[in-house]
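In what follows, a single structure is set out as structure tokens and then discussed.
Predicted model only: the values in this text are computed from it and were never measured.
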Amino acid sequence: MSIEMNEILKIPELPIIEIIDDLVQVYKEYMVVCAALKLDLFSWLAENGPASPEKIAAGTGVKPEYMTSLLGMLYYLDMVRKAGDEFSISPAAQMNFVKTSPFYQGDYIINLPNDDSPWKDIDVYLTKPEEKKAFDNISMGSARAQANYALRGTIQNVTNILKTWEGFSDARTFLEINGGHGLYAIAACQNNPEMTATVLCGTIDTAIAREYISRFKMDNRITAVSGDMMTYSGPQSDIILIAHSLYSQEDNMDELMKNVASSLSPGGLFLSNHWFTAPPVGTGMQGLYELELALHTRYHQLADKKKFEDICEKNALMIQKTGVIRSPYGEATIHMAEKKRA
């Protein structure tokens, strides 16, 4: 159906166009929440609330003439609560938007429109995906966002699997490869008080991992260093963990696994958590979820699980157990391999 009107006065008045106004409204709400996060309003309110709009404005730097309407927007989203003339932080915001909370998700939200987010250049991803190598951690913001997201279950699930290894309680050294955030090392050390760890951060600034290491009070047990497995020359570790960091290394997989094996103590554990090529999932009717899954899958799949296992065993990493772990991007495969003793 073609709609063509050349006379302005014949175009009917449409004060409300739901499909447009709703979309714009959601975008505006997102930007308001981003502003509140960047101003650290929620952390201030958690420490100083309940407080009047005037006091909150003085404490956060927001101009007083905007404060009441800003709080009204956050009240509508159930991020603040109101009693009389004072506002306090809601339980959900206290958990997810206060920087000192272990469940903090603010970086995940703020990073969505950043330069290294796929949503910034979604048109390029859709039409010229070959121009994009991946949408992995590049900036400190994206690394923090990935850390926020990993704390929603991935770190916990992988660590619980790691703990099932019979040698876990006797392990004393742990190496996390290219995680950038160090959360696997932190969780492992929390569950083994005798363990120390090194976080190999790849090209990501080690400041991210050091922030988390300090937040979880592990400064005396965990060290974050630059570099990757192809250049690492540190001492052997009892456990080496690599999660979702091998997708760009398929051409170098044999050499990389050789380096993993040489950095692993005899009888030590290598744990891998990665996605492998699988049939497409869904019918297309789940819209945004399936679109994100399709974009992600293009850059985050190892082609051949059997080949990966063969390379591991060729380098004396003997597969002991495999399994799957659920994630927002489908089922990832866990491999647990022990280094063959001489």
- Ile161 versus Thr164, closest heavy-atom pair with distance: O-OG1, 2.5 Å
- Within the distance-only criterion (no hydrogens, no angle test), does the side chain of Lys339 pair as donor or acceptor with the backbone N or O of Gly268 below 3.5 angstrom? no
- Give a yes or no answer on whether the side chain of Ser245 reaches the backbone of Ala243 with a donor-acceptor pair at less than 3.5 Å. yes
- Task: Please round to the nearest 0.5 Å and tell me the distance separating atom CZ of Arg221 and atom SG of Cys189.
- Result: 4.5 Å
- Message: Counting C-beta onward and ignoring hydrogens, is there a side-chain heavy-atom pair between Trp119 and Ile122 closer than 4.5 Å?
- Response: yes
- Task: Check whether any side-chain heavy atom of Tyr212 lies under 4.5 Å from a side-chain heavy atom of Leu183, and answer yes or no.
- Result: yes
- Item | Pair His181, Gln146: side-chain N/O donor-acceptor within cut-off below 3.5 Å | no
- Message: Using every non-hydrogen atom in the two residues, find where Phe87 and Leu45 come nearest and quote the distance to one decimal.
- Response: O-CD1, 3.6 Å
- Which pair of non-hydrogen atoms, one from Ser90 and one from Arg81, has the smallest distance, and what is that distance? CB-NE, 3.9 Å
- Task: Go through the side-chain N and O atoms of Trp165 and Glu338 and say whether any donor and acceptor fall under 3.5 Å apart.
- Result: yes
- Query: Do Phe168 and Met318 share a hydrophobic cluster, counting only Ile, Leu, Val, Met, Phe, Trp and Tyr and linking them when any side-chain heavy atoms are less than 4.5 Å apart?
  - Reply: no
- Query: What is the distance from atom CD1 of Ile239 to atom CG of Leu162, rounded to the nearest 0.5 Å?
  - Reply: 4.5 Å
- Message: Please evaluate residues Thr322 and Glu309 with respect to the criterion side-chain contact (heavy atoms from CB on, under 4.5 Å), reporting the C-alpha separation (whole Å), side-chain torsions for both, the decisive distance (0.1 Å), and the verdict.
- Response: CA-CA 10 Å; Thr322 64; Glu309 293 170 353; 4.0 Å; yes
- Message: Using side-chain heavy atoms (C-beta onward) and a distance below 4.5 Å, is Lys307 in contact with Met253?
- Response: no
- Query: Just how far is it from atom CZ of Phe174 to atom CG of Leu271, taken to the nearest 0.5 Å?
  - Reply: 8.0 Å
- Using a strict 4.0 Å threshold on nitrogen-to-oxygen distance, state whether Asp310 and Lys314 make a salt bridge. no
- Query: Do other residues, nucleotides or ligands put more than 12 heavy atoms under 6.0 Å from the CZ atom of Arg172?
  - Reply: yes
- Could you go step by step and tell me if Lys28 and Met73 meet the side-chain contact (heavy atoms from CB on, under 4.5 Å) rule? CA-CA 10 Å; Lys28 289 177 180 178; Met73 183 72 255; over 6 Å; no
- Task: Would you check if Ile240 and Ser263 make a side-chain contact, meaning some heavy-atom pair closer than 4.5 Å?
- Result: yes
- Item | Check: Asn111 side chain, Asp107 main-chain N or O, donor-acceptor pair, under 3.5 Å | no
- Item | Side-chain (Gln236) to main-chain (Ser262) donor-acceptor, under 3.5 angstrom | yes
- Task: Could you please spell out the steps behind the side-chain contact (heavy atoms from CB on, under 4.5 Å) verdict for Asn160 and Lys163?
- Result: CA-CA 5 Å; Asn160 281 326; Lys163 288 168 57 182; 4.0 Å; yes
- Under 4.5 Å between side-chain heavy atoms, hopping through other hydrophobics if needed: is there a path connecting Phe103 to Tyr184? no
- Message: When you compare the side chain of Thr196 with that of Ile222, does any pair of heavy atoms fall below 4.5 Å?
- Response: no
- Message: Donor-acceptor pair, distance only, cut-off 3.5 Å: does the side chain of Asp22 make one with the backbone of Gln25?
- Response: no
- Taking a hydrophobic cluster as the set of Ile, Leu, Val, Met, Phe, Trp and Tyr residues connected by side-chain heavy atoms closer than 4.5 Å, whether directly or through intermediates, do Tyr104 and Leu112 fall within one such cluster? yes
- Message: So does Ala261 get a backbone contact from the side chain of Asn315, meaning a donor-acceptor N/O pair under 3.5 Å?
- Response: no
- Go through the steps for Asp238 and Ser265 under the test side chain to side chain donor-acceptor pair (under 3.5 Å), then give the verdict. CA-CA 5 Å; Asp238 297 328; Ser265 304; 3.2 Å; yes
- Given the rule in the side-chain contact (heavy atoms from CB on, under 4.5 Å) test, do Val158 and Ile325 qualify, once you have shown the distances and angles that lead to the verdict? CA-CA 8 Å; Val158 171; Ile325 182 171; 3.7 Å; yes
- Query: Are Phe97 and Met95 connected, step by step, through hydrophobic side chains (Ile, Leu, Val, Met, Phe, Trp, Tyr) whose heavy atoms are closer than 4.5 Å?
  - Reply: no
- Query: Shortest non-hydrogen contact from Leu151 to Pro102?
  - Reply: CD1-O, 3.3 Å
- Note on the structure: Of all heavy-atom pairs linking Arg210 and Ala224, the shortest is CG-CB, 4.0 Å
- Item | Ser43 side chain to Lys99 backbone, donor-acceptor under 3.5 Å | yes
- Message: Classify the ring geometry of His244 against Tyr247: parallel below 30°, tilted from 30° to 60°, perpendicular beyond 60°.
- Response: parallel
- For Glu331 and Val324, indicate whether the former's side chain and the latter's backbone hold a donor-acceptor pair under 3.5 Å. no
- First locate atom CG of Leu74, then atom CD of Glu29, and finally report the distance between them rounded to the nearest 0.5 Å. 10.5 Å
- Kindly give the heavy-atom pair with the smallest separation between Ala209 and Val199, and that separation in Å. CB-CG1, 4.3 Å
- What's the spacing between Ile213 CD1 and Ile208 CD1 if we round to 0.5 Å? 11.5 Å
- Query: Heavy atoms, side chains only, cut-off 4.5 Å: are Leu126 and Leu291 in contact?
  - Reply: yes
- Query: Does atom CD of Glu166 have more than 12 heavy-atom neighbours, drawn from other residues, nucleotides or ligands, at distances under 6.0 Å?
  - Reply: no
- Side chain proximity check, Trp44 to Lys55, heavy atoms < 4.5 angstrom: yes
- Query: Does any N or O in the side chain of Asn192 come within less than 3.5 Å of the main-chain N or O of Ala188, such that one atom is a donor and the other an acceptor?
  - Reply: no
- Message: Main chain of Ala57, side chain of Tyr66: is a donor-acceptor contact present, judged purely on distance under 3.5 Å?
- Response: no
- Any Lys/Arg nitrogen of Lys82 or Asp85 sitting under 4.0 Å from an Asp/Glu carboxylate oxygen of the other? no
- Message: Are more than 12 heavy atoms, taken from residues, nucleotides or ligands other than Gln190, located less than 6.0 Å from that residue's CD atom?
- Response: yes
- Message: Is it the case that over 12 heavy atoms from other parts of the model lie below 6.0 angstrom from the CG atom of Asp123?
- Response: yes
- Item | From Ile242 atom CD1 to Met229 atom CE, the distance as rounded to the nearest 0.5 Å | 7.0 Å
- Query: For the hydrophobic clusters of this structure (ILVMFWY residues joined by side-chain heavy atoms under 4.5 Å, transitively), does one cluster hold both Leu77 and Leu23?
  - Reply: no
- Message: Can you tell me how the ring of Phe308 sits relative to the ring of His274, calling it parallel under 30°, perpendicular over 60° and tilted otherwise?
- Response: tilted
